[in-house]
Chemist: 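Right, I'll just put the structure down here and ask away after.
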Number of protein chains: 2
Amino acid sequence: MADSYHHGNLREALIDAGIKIINENGEENLSLRKVAAACDVSHAAPYAHFRDKEELIEAIKENVTEKFMEKLIEAVEGKPSADSAIIAMGRAYVTFFSKNPDYFIFLFGKQNITAHLKMNKEYKGDYPPFLLLRRMYLLHLEENGLEKSIEEQEIDLIKIWSIVHGMASIACMKGVKSSFNWNNIDERLLT
Amino acid sequence: MADSYHHGNLREALIDAGIKIINENGEENLSLRKVAAACDVSHAAPYAHFRDKEELIEAIKENVTEKFMEKLIEAVEGKPSADSAIIAMGRAYVTFFSKNPDYFIFLFGKQNITAHLKMNKEYKGDYPPFLLLRRMYLLHLEENGLEKSIEEQEIDLIKIWSIVHGMASIACMKGVKSSFNWNNIDERLLT
DNA sequence: CTCCAATCTTGACACTGTCAACATTAAAGA
DNA sequence: TCTTTAATGTTGACAGTGTCAAGATTGGAG
């Protein structure tokens with residue numbers, strides 16, 4: 001199967017090769033032709049699996065988001081309360097991107113993330129990490145017997161997500177060398 | 001001077017044309033050749049003013065950051081206290097990018113911002129909006145007679161910047177249609 | 001066994017960033 | 001005023017890019 005005309009599993013191979021290139025040389029060095037070459041395949045072969053370059057990038061993003069979600073779920077599960085789960089999730093969020101800033105740039109660089117804050121919308125198609133956060137937040141309200149208006153809930157969600165996402169963003173900036181003292185911030189994460 | 005061999009003020013014209021293209025068609029449609037064409041100049045003319053494409057983009061970023069700073073300073077000046085100044089600055093921060101999300105993507109999409117958080121470093125070369133924030137924060141400590149360790153100060157700064165920057169980031173995401181109810185968040189911005 | 005649809009190749013096109021060689025001109029110094 | 005020079009702009013070339021059209025190959029359904 002190595003030197004046969006048909007590759008066998010080109011789609012996955014292209015995604016893996018794309019991730020490797022992004023990790024080693026950054027997104028700006030990702031080209032369809034290089035990805036194809038890395039799979040020992042002609043320059044137009046990817047078009048049998050992806051409509052255009054954007055669609056390959058989108059597939060890679062899904063793949064990276066899955067890895068991201070694994071860390072978040074791992075952080076959340078087994079926690080005694082929603083509060084501690086949310087805090088653990090925030091830590092995992094920042095830790096994940098601190099370890100590989102390239103992923104942050106890759107995932108959020110063009111802001112093409114979908115997240116409907118309105119609680120009465122269907123959640124389908126929303127950004128999975130945000131879905132998890134919302135689930136934990138609703139659990140938090142329930143566990144503590146809190147009743148909040150939709151608007152208040154939205155604000156809380158924005159606040160929580162903002163500080164975590166903002167920290168990740170700042171941590172990924174070049175030149176920001178300060179160590180983040182997460183331990184001190186934990187208890188203030190939730191309002 | 002219109003049809004003379006020398007343009008006269010090509011450098012500024014290239015920057016302006018670049019901003020226009022980014023505003024109208026997004027950064028992904030910015031090419032040196034288009035910028036040159038927009039200035040009625042040959043495709044290699046920009047190389048007399050910029051080493052490469054990156055240097056032009058960097059110049060455009062400086063230009064956009066100046067506009068950003070104008071809004072921040074405008075929000076800060078005349079405020080009765082450092083606290084109210086910081087809150088106003090946060091509002092201006094989010095408002096600026098809510099109005100033109102393309103600028104957020106352009107400025108922070110690749111995270112190439114320099115901000116040395118350590119208080120004992122020289123501030124030169126730091127990101128101007130961050131410098132302003134730090135100045136206001138130190139004023140806040142002074143006005144309220146607070147004494148904090150360097151580490152505590154850093155944490156405060158990261159927190160403030162994180163929530164504001166994070167909100168701006170989330171506000172610029174596709175699909176986030178919720179209105180930001182800033183009025184409710186103001187009094188909780190400072191710890 | 002045949003045929004078809006999925007998959008892959010080849011060749012082309014326009015566009016890109018960049019460089020080298022050359023042209024023009026404003027301005028400084030004689 | 002004339003000459004020279006450095007700054008600025010042009011032309012032409014090159015490799016690399018995304019994308020498409022036409023054709024080759026092949027696994028698998030019938």
Side-chain angles (χ1 to χ4, degrees), chain A residues 1-64 102 105-106 109-110 112, chain B residues 1-64 102 105-106 109-110 112:
Chain A
M1 63 187 69
D3 49 354
S4 70
Y5 193 91
H6 284 56
H7 183 284
N9 197 14
L10 183 55
R11 197 191 135 93
E12 296 306 313
L14 289 169
I15 292 175
D16 289 344
I19 291 179
K20 197 179 176 199
I21 291 179
I22 290 173
N23 273 327
E24 292 174 355
N25 304 94
E27 186 184 357
E28 68 275 10
N29 275 89
L30 181 77
S31 80
L32 276 182
R33 294 171 105 105
K34 278 185 200 157
V35 173
C39 296
D40 280 316
V41 120
S42 79
H43 63 262
Y47 284 88
H49 301 272
F50 303 99
R51 191 159 19 86
D52 53 12
K53 185 184 183 184
E54 195 53 34
E55 206 169 273
L56 168 61
I57 288 182
E58 223 51 48
I60 296 178
K61 279 183 181 168
E62 279 176 27
N63 191 297
V64 173
D102 282 344
I105 299 170
F106 178 58
K110 285 170 187 159
N112 41 2
Chain B
M1 63 187 70
D3 50 353
S4 70
Y5 193 90
H6 283 55
H7 183 283
N9 195 14
L10 183 55
R11 197 192 135 93
E12 296 306 314
L14 289 170
I15 292 175
D16 289 344
I19 291 180
K20 197 179 174 199
I21 290 179
I22 290 173
N23 273 326
E24 293 175 354
N25 303 95
E27 186 184 358
E28 67 275 10
N29 275 89
L30 181 76
S31 79
L32 276 182
R33 294 172 104 105
K34 278 184 201 158
V35 173
C39 296
D40 280 315
V41 121
S42 78
H43 64 262
Y47 284 87
H49 300 272
F50 303 99
R51 191 158 21 86
D52 53 12
K53 185 184 182 184
E54 195 52 36
E55 206 168 272
L56 168 61
I57 288 182
E58 224 50 49
I60 296 178
K61 279 182 181 169
E62 279 177 26
N63 191 297
V64 173
D102 281 344
I105 298 171
F106 178 58
K110 284 169 188 162
N112 41 2

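From a predicted model like this one, the values you see are computed outputs, not experimental measurements. Throughout, protein chains are lettered first and strands after them, A, B, ... in sequence-line order, and every chain is numbered starting at 1.
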Chemist: Of all residues at least two apart in sequence or in a different chain, which pass the side chain to side chain donor-acceptor pair (under 3.5 Å) check with B:E55?
Modeler: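 Applying side chain to side chain donor-acceptor pair (under 3.5 Å) to B:E55 gives B:R51.
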Chemist: Please tell me if B:K34 has a side-chain N or O lying less than 4.0 Å from either OP1 or OP2 of C:dC15.
Modeler: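 Checking C:dC15 against B:K34, no side-chain N or O comes under 4.0 Å of OP1 or OP2.
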Chemist: With sequence neighbours left out, what residues match B:R11 under side chain to side chain contact (heavy atoms under 4.5 Å, CB included)?
Modeler: B:I15, B:H49, B:F50, B:A59
Chemist: Heavy atom of residues 49-63 of chain A under 4.0 Å from DNA chain C: which residues?
Modeler: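 Residues of residues 49-63 of chain A that come under 4.0 Å of DNA chain C are, in numerical order, A:H49.
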Chemist: Could you give the start and end, 5' to 3', of the contact zone on DNA chain D for chain B, using atoms under 4.0 Å from its heavy atoms?
Modeler: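 Taking any atom under 4.0 Å from a heavy atom of chain B, the span is D:dA7 to D:dA13.
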Chemist: Rounded to whole Å, please give me the gap between CG in A:L30 and P in C:dT16.
Modeler: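 Taking atom P of C:dT16 as the reference, CG of A:L30 is at 20 Å.
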Chemist: Five pairs at each end of the helix from C:dC1-D:dG30 to C:dA30-D:dT1: take the axis at both ends and give me the angle between them to 10°.
Modeler: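 Nearest ten degrees gives 0° for this helix.
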Chemist: In Å, rounded to the nearest 0.5 Å, how long is the span from CD1 of A:I60 to CG of A:D16?
Modeler: 9.0 Å
Chemist: Quick check: closest heavy atoms across B:S42 and B:P46, and the distance to 0.1 Å?
Modeler: O-CD, 3.8 Å
Chemist: Side-chain donor-acceptor contacts of residues 23-32 of chain B below 3.5 Å, not counting sequence neighbours, with atom names and distances?
Modeler:
{"unit_1": "B:N23", "atom_1": "ND2", "unit_2": "B:I19", "atom_2": "O", "d": "3.4"}
{"unit_1": "B:N23", "atom_1": "ND2", "unit_2": "B:Y103", "atom_2": "OH", "d": "3.1"}
{"unit_1": "B:S31", "atom_1": "OG", "unit_2": "B:K34", "atom_2": "N", "d": "3.0"}

Chemist: Considering non-hydrogen atoms only, spot the tightest contact between B:L10 and B:A45 and give its length.
Modeler: CD2-CB, 4.1 Å
Chemist: Examine C:dT10: is either OP1 or OP2 under 4.0 Å from a nitrogen or oxygen in the side chain of A:S42? Give yes or no.
Modeler: no
Chemist: What closest approach, in Å, do B:D102 and B:I22 show between heavy atoms, and which atom pair accounts for it?
Modeler: OD2-O, 3.9 Å
Chemist: Just the atom pairs and distances: protein N or O near nucleotides 11-13 of chain C's N or O, under 3.5 Å.
Modeler:
{"unit_1": "C:dG11", "atom_1": "O6", "unit_2": "A:H43", "atom_2": "NE2", "d": "2.6"}

Chemist: What pairs of nitrogen or oxygen atoms, one from the protein and one from nucleotides 23-26 of chain C, lie under 3.5 Å apart?
Modeler:
{"unit_1": "C:dA23", "atom_1": "N3", "unit_2": "B:Y5", "atom_2": "OH", "d": "3.0"}

Chemist: Short of 4.0 Å, heavy atom to strand atom, which residues of residues 11-19 of chain B count as contacting DNA chain D?
Modeler: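 The stretch gives none, as no residue of it lies under 4.0 Å from the strand.
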Chemist: Between C:dG17 atom P and B:N29 atom CG, what is the distance in whole Å?
Modeler: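 From B:N29 CG to C:dG17 P: 11 Å.
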Chemist: Quick one: is B:Y47 getting a side-chain N or O under 4.0 Å of the C:dT18 phosphate, OP1 or OP2?
Modeler: yes
Chemist: To the nearest 0.5 Å, how far apart are OH in B:Y47 and NZ in B:K53?
Modeler: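 B:Y47 atom OH to B:K53 atom NZ measures 9.5 Å (nearest 0.5 Å).
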Chemist: For A:G109 versus B:I105, what's the shortest heavy-atom pair and its separation?
Modeler: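 Closest approach of A:G109 to B:I105, heavy atoms only: O-CG2, 3.3 Å.
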Chemist: Apply side chain to side chain donor-acceptor pair (under 3.5 Å) to A:E58 and list each qualifying residue two or more places apart in sequence or on a separate chain.
Modeler: none
Chemist: With sequence neighbours left out, what residues match A:N112 under side chain to side chain donor-acceptor pair (under 3.5 Å)?
Modeler: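 Partners of A:N112 by the side chain to side chain donor-acceptor pair (under 3.5 Å) criterion, ordered by chain and then number, come out as A:K61.
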